[in-house]
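Please read the structure below before turning to the comments.
Since we're looking at a predicted model, the values are computed, not measured. Letters A, B, ... mirror the listed sequences (proteins, then strands); counts begin at 1. We use all heavy atoms of the structure for the numbers below, so side chains are in, but hydrogens, waters and symmetry mates are not.
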Amino acid sequence: MSKEYNPKEIESKWQKKWEDDGLYQANIDESRKKFYALTMLPYPSGDLHTGHWYAIAPSDARARFKRMQGYNVMFPIGFDAFGLPAENAAIARGIHPREWTYKNIQNMRSQLKRMGTMVDWRREMISSDPKYYRWTQWFFIQLFKHDLAYRKYSPVDWCPQCNTTLAREQVHGDDRHCERCSTPVIKKDLEQWFFKTTNYADELIDFSQIDWPDRVKTLQTNWVGRSEGADVVFKTEDGDDLTVFTTRPDTLWGATFMVLAPEHLLVDKVTTDEQKEAVGKYREDAILKTEIQRASVDKEKTGVFTGGYAINPVNGVRIPIWIADYVMMGYGFGAIMAVPAHDERDFAFARQFELEIIPVIQPEGESFDGKTMPEAYVGPGLMINSAQFNGTAVTDDKGRKNPGLDKVIDWLEKEGLGKEAISYKLRDWLISRQRYWGAPIPMIYCEDCGWNPVPDKDLPVVLPDDVEWLPTGESPLKLHPTWKDTICPKCGKAAIRETDTMDTFMCSSWYHLRYLSPDYDQGPFDPKEYDYWMPVDLYTGGIEHATMHLMYTRFFHKALRDMGVTEGHEPMTMLRNQGMVLGEDGEKMSKSRGNTVAPDELVNKYGADTVRSYLMFFARWDLGGPWNSQGIGGTERWLYRVWTLYTDPAEGSKPADGVMRDIKRDLHTALNNITRDYEQVEFNTIISTLMELLNNLVLAKRNGAANSPEWRGILETYLLMIAPAVPHIAEELWTEVLGNEYSIHTQKWPEADTELMAVEEITLIVQVNGKLRDRIVVPVDITREDAEKTALASPGAAPYLEGKDIRKVIVVPGRLVNIVI
RNA sequence: GCCGAAGUGGCGGAACUGGCAGACGCGCGCGACUCAAACUCGCGUUCCCUUGAGGAUUGUGGGUUCGAUUCCCACCUUCGGCACCA
């Protein structure tokens with residue numbers, strides 16, 4: 001048999017057979033350990049692009065590896081099918097978003113199948129299906145009933161391009177642009193639905209139960225932005241409470257003025273008649289500025305004195321109240337105590353407006369003078385000018401760990417002047433969207449009864465088909481003549497529906513639960529399936545969702561736990577991120593740049609196995625990198641050479657001396673390394689090890705190995721090793737060439753034999769002063785003494801030793817001898 | 001400014017306990033095959049020079065060590081995130 005390798009033919013043949021046989025169906029099997037492998041679901045944008053392949057194909061290889069290891073593996077896929085592009089296509093081209101979406105899904109589904117994945121298609125979910133979003137809506141209602149969803153009127157981020165509000169997480173970069181369309185967002189005052197993500201701030205930064213990349217953990221930790229400190233109650237001269245949050249209560253004695261955000265509620269009250277005009281003007285300017293864009297960091301501080309004064313509760317000192325836009329209404333209380341001696345921003349402000357600066361922390365050997373200090377001092381030291389606390393040590397530590405803070409907070413609490421407090425940058429999740437193509441928020445507003453959820457029996461609240469998709473800034477559902485009219489579920493009187501839809505991140509927060517039982521109608525998922533499959537054992541996807549999807553889904557599970565829906569509170573035990581495949585020019589792939597690589601064309605040209613293995617091989621998976629259209633020839637050649645190895649007749653007669661021993665050692669060493677690399681989700685070295693091993697196999701064959709009775713076993717093991725990465729060629733060679741029983745993908749992953757890995761001889765490295773001088777082949781079990789003797793006498797080292805005193809000889813058994821002179 | 005990741009040949013990258021730097025692949029060079037080319041196969045390929053039992057070399061500079069890509073300190077560059085967060 002010496003058939004040519006024809007990937008096109010064998011790939012479609014096996015894909016069909018695998019599907020017909022249901023080879024990859026994942027069913028509960030209590031006798032086997034489960035493994036839930038999950039990759040982030042794609043948005044059905046029309047075509048599967050290289051990024052999809054990069055995310056899915058190596059993840060599929062990893063899932064196949066776990067399957068061969070004996071795990072019952074579920075590797076599902078679905079579509080994140082709600083979202084703006086569908087609606088924009090409707091506006092631009094007059095196609096219904098549903099039609100556009102489902103056509104794309106159909107296309108992408110067949111593209112996905114050409115990849116040769118082990119996806120169990122019976123478990124597919126589509127988030128825009130009513131049978132799916134019925135449960136998205138049900139979850140919303142559960143959150144509402146448990147006080148985790150609420151409605152609030154507040155200034156919110158609005159994307160003028162997408163014509164909808166956004167969550168804080170979906171506003172990116174220093175120009176505060178929309179995550180989807182990159183248009184800078186503006187502020188609007190609107191009443192919107194929020195989820196109480198802030199309830200879980202502390203839990204969200206606890207990663208003790210999960211194995212996630214440090215990068216993601218850091219991003220989420222920074223996003224939550226926990227600060228420890230104290231709330232301190234100042235009084236205005238009128239006697240109103242003016243509470244501030246501070247991380248530095250130890251510097252309270254150095255507070256020489258206060259600053260309110262321009263929007264702060266007390267501004268009007270504290271402002272004196274003389275200052276009214278200036279304050280009013282500043283406020284107007286500040287509000288305008290927020291509309292355009294709030295201040296860059298390095299600009300000069302601006303602000304206005306209100307004319308009012310506050311009393312510092314720790315020492316009774318009267319200090320002026322200013323307003324300035326460097327204080328944000330959205331954080332803490334929208335008001336600060338300013339300690340210019342020990343805060344850079346307050347310092348800059350004080351110098352700008354010639355306000356008093358009183359140092360209250362001083363390192364030993366220094367003597368600060370508020371009038372001459374060149375900058376704020378933020379380091380450790382001893383408290384001064386602070387009454388009974390003088391001499392208390394202040395360190396660099398945050399919160400209670402810092403002795404100065406600890407003592408002052410205790411004292412504040414005892415005196416009733418303030419209390420320990422923690423502040424977060426995390427905001428509640430704004431989920432209302434003024435768009436059509438999303439899950440309707442299942443709430444009804446009645447003049448008498450207020451907001452009530454749609455009764456369970458009326459779910460899903462179905463999206464009507466007959467709407468106009470005009471980008472008006474109002475939800476298209478609102479403009480529908482009848483859809484919003486309904487009756488109040490409480491009193492039965494005429495009422496209206498919520499016409500906004502949900503953020504699509506709501507849909508993707510729980511999709512991994514729907515795969516468990518996509519057709520289940522007694523609840524969002526079948527508890528039996530949940531108990532068996534959850535949690536996700538390995539989740540793979542891009543890092544761009546670190547502070548969006550990956551945070552939302554963790555929030556979701558913590559909320560589900562508190563609502564009694566599930567027990568687990570971490571959805572994904574292990575997370576690994578892939579990088580991005582860039583264009584050959586090193587830039588992000590985009591149609592407008594013309595540097596995209598179409599996976600369909602690659603598959604036509606090379607076959608799926610070559611594309612799969614090249615994606616695993618060409619870069620570190622977690623980093624990604626530029627595509628190289630020449631490089632793919634390397635994995636193509638590898639597979640052709642694999643084919644030749646199995647189909648060309650044996651050479652020579654008998655294996656030469658040591659050939660079989662050497663090739664078995666190579667085989668098992670490679671197996672050992674590949675097993676480890678799969679476990680560690682490091683794909684590039686898997687392929688390079690397989691290539692290297694093939695080179696050795698070719699060599700061994702040339703030296704007669706193919707005439708050994710052991711050769712067949714070696715060939716079988718090699719096929720098992722390549723099977724997860726290149727499933728088609730492995731199956732073809734396994735069944736059609738070796739004539740083994742179908743299917744290779746139900747075979748067991750081989751185990752590395754450590755005895756066969758052992759070597760009898762090693763190359764002893766001889767160094768003189770750490771420099772390589774010789775290599776000598778010696779028995780592996782050579783004694784220290786013999787190794788030393790051999791090294792000292794070695795021809796490479798001897799000349800360097802002549803006439804020198806040998807000070808020391810380091811012998812590392814099995815590795816090297818270092819002679820120090 | 002703060003937080004994080006990464007810097008190794010012409011390129012992607014490897015080196016998994018501190019012990020042979022450059023595995024594997026691309027590219028390139030030479031050779032075989034061919035009328036010729038492509039494919040394929042074989043050999044070579046870190047750099048430098050005064051070409052040898054030579055020297056240098058993992059972003060830069062220091063340190064620890066018999067020995068450092070690996071550990072420590074300082075700095076530089078690139079990328080990502082946050083950004084007046086009190």
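- A cation-pi arrangement is present between A:Arg773 and A:Tyr800 under the rule of less than 6.0 angstrom and at most 45 degrees off the ring axis.
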## Note on the structure
Under a 4.0 Å heavy-atom criterion, the protein footprint on nucleotides 13-20 of chain B, written with B, S and -, is SS-B--BB
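- Between the CG atom of A:Asp231 and the C1' atom of B:A86 there is a distance of 12 Å, given to the nearest Å.
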### Pairing annotation in dot-bracket form, given for RNA chain B with Watson-Crick or G-U pairs under 3.5 Å and | for cross-strand partners
(((((((..(((......[....)))((((((.......))))))((((..).)))..(((((..]....))))))))))))....
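- A:Phe207 and A:Trp212 have tilted rings, their planes meeting at an angle from 30° to 60° on a 0 to 90° scale.
- Using C1' as the reference atom, B:G29 and B:G10 are 13 Å apart when rounded to the nearest Å.
- Taking atom CG on A:Asp585 and atom C1' on B:C11, their separation rounds to 15 Å, with Å as the unit.
- Under the salt bridge (charged side-chain N to carboxylate O under 4.0 Å, His left out) criterion, A:Arg775 pairs with no residue at all, not counting sequence neighbours.
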### Message
For a salt bridge (Lys or Arg N to Asp or Glu O under 4.0 Å) check, start with the C-alpha distance between A:Asp157 and A:Arg176, then their side-chain angles and the critical distance, and finish with the verdict.
### Response
CA-CA 9 Å; A:Asp157 296 307; A:Arg176 296 181 42 78; 2.4 Å; yes
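- Distance noted for atom C1' between B:G12 and B:G22: 13 Å (whole Å).
- B:U57 and B:C48 have their P atoms separated by 15 Å, with the value rounded to a whole Å.
- Rounded to a whole angstrom, the distance from the C1' atom of B:A86 to that of B:A5 is 29 Å.
- Using atom C1' as the reference point in both B:G9 and B:C28, the two lie 12 Å apart (nearest Å).
- One interatomic measurement links the two molecules: CD of A:Gln630 to C1' of B:C11, which rounds to 11 Å at whole-angstrom precision.
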### Query
Just by protein heavy atoms under 4.0 Å, how would nucleotides 69-82 of chain B read 5' to 3' in B, S and -?
------------SS
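- By the salt bridge (charged side-chain N to carboxylate O under 4.0 Å, His left out) test, A:Asp774 is found to be paired with no residue, residues two or more places apart in sequence or in another chain being considered.
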### Message
Each nucleotide in nucleotides 37-62 of chain B should get exactly one letter: B, S or -. Can you fill that in based on protein heavy atoms under 4.0 Å?
### Response
---SSS----------B-SS------
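- For A:Trp253, the ring-ring contact (aromatic ring centres under 6.0 Å, His included) partners are A:Phe389, A:Trp411, not counting sequence neighbours.
- Ring geometry for A:Tyr718 against A:Tyr646 counts as parallel: the plane angle stays under 30°, on a 0 to 90° scale with 60° as the upper cut.
- In this structure B:G9 sits in the syn conformation; its chi angle is within 90° of 0.
- If you take CG of A:Leu242 and C1' of B:A86, they are 13 Å apart, rounded to a whole angstrom.
- Residues meeting the salt bridge (charged side-chain N to carboxylate O under 4.0 Å, His left out) test with A:Lys588, sequence neighbours left out: none.
- A:Ser227 has a side-chain polar atom (N or O) that falls below the 4.0 Å cut-off from OP1 or OP2 of B:A86.
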### Query
Does the pair A:Asp346 and A:Arg248 meet the rule for a salt bridge (Lys or Arg N to Asp or Glu O under 4.0 Å), with working shown?
CA-CA 13 Å; A:Asp346 299 345; A:Arg248 296 296 305 275; over 6 Å; no
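- The pair A:Asp585-A:Arg593 fails the salt-bridge criterion, with no side-chain N (NZ, NE, NH1 or NH2) lying under 4.0 Å from an Asp/Glu carboxylate O.
- The side-chain hydrogen bond (donor to acceptor under 3.5 Å, both in side chains) check on A:Asp677 picks up A:Thr685, with sequence neighbours excluded.
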### Task
Take A:Glu228 and A:Arg400 through the salt bridge (Lys or Arg N to Asp or Glu O under 4.0 Å) test and state the conclusion after the steps.
CA-CA 8 Å; A:Glu228 296 175 24; A:Arg400 287 283 193 178; over 6 Å; no
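- Residues that satisfy the side-chain hydrogen bond (donor to acceptor under 3.5 Å, both in side chains) test with A:Tyr424, not counting sequence neighbours, are A:Asp202, A:Arg226.
- Rounded to an integer number of Å, the gap from A:Ile632 CD1 to B:G27 P is 12 Å.
- In this structure, A:Trp638 places its CH2 atom 11 Å from P of B:G25, rounding to the nearest Å.
- Between A:Arg226 atom CZ and B:A86 atom P there is a gap of 13 Å when expressed in whole angstrom units.
- One atom, CG of A:Leu694, and another, P of B:A23, lie 17 Å apart when rounded to the nearest Å.
- Residues that satisfy the ring-ring contact (aromatic ring centres under 6.0 Å, His included) test with A:Phe234, not counting sequence neighbours, are absent from this structure.
- In this structure, the salt bridge (charged side-chain N to carboxylate O under 4.0 Å, His left out) partners of A:Asp343, at least two apart in sequence or on a different chain, are A:Arg345.
- B:G7 and B:U70 are spaced 11 Å apart, taking the P atom of each and rounding to whole Å.
- Mapping A:Asn628 and A:Asn769 onto RNA chain B via the closest heavy atom, the residue that lands nearer the 5' end is A:Asn628.
- The same atom, P, is picked in B:C75 and in B:G4; the two are 14 Å apart, to the nearest Å.
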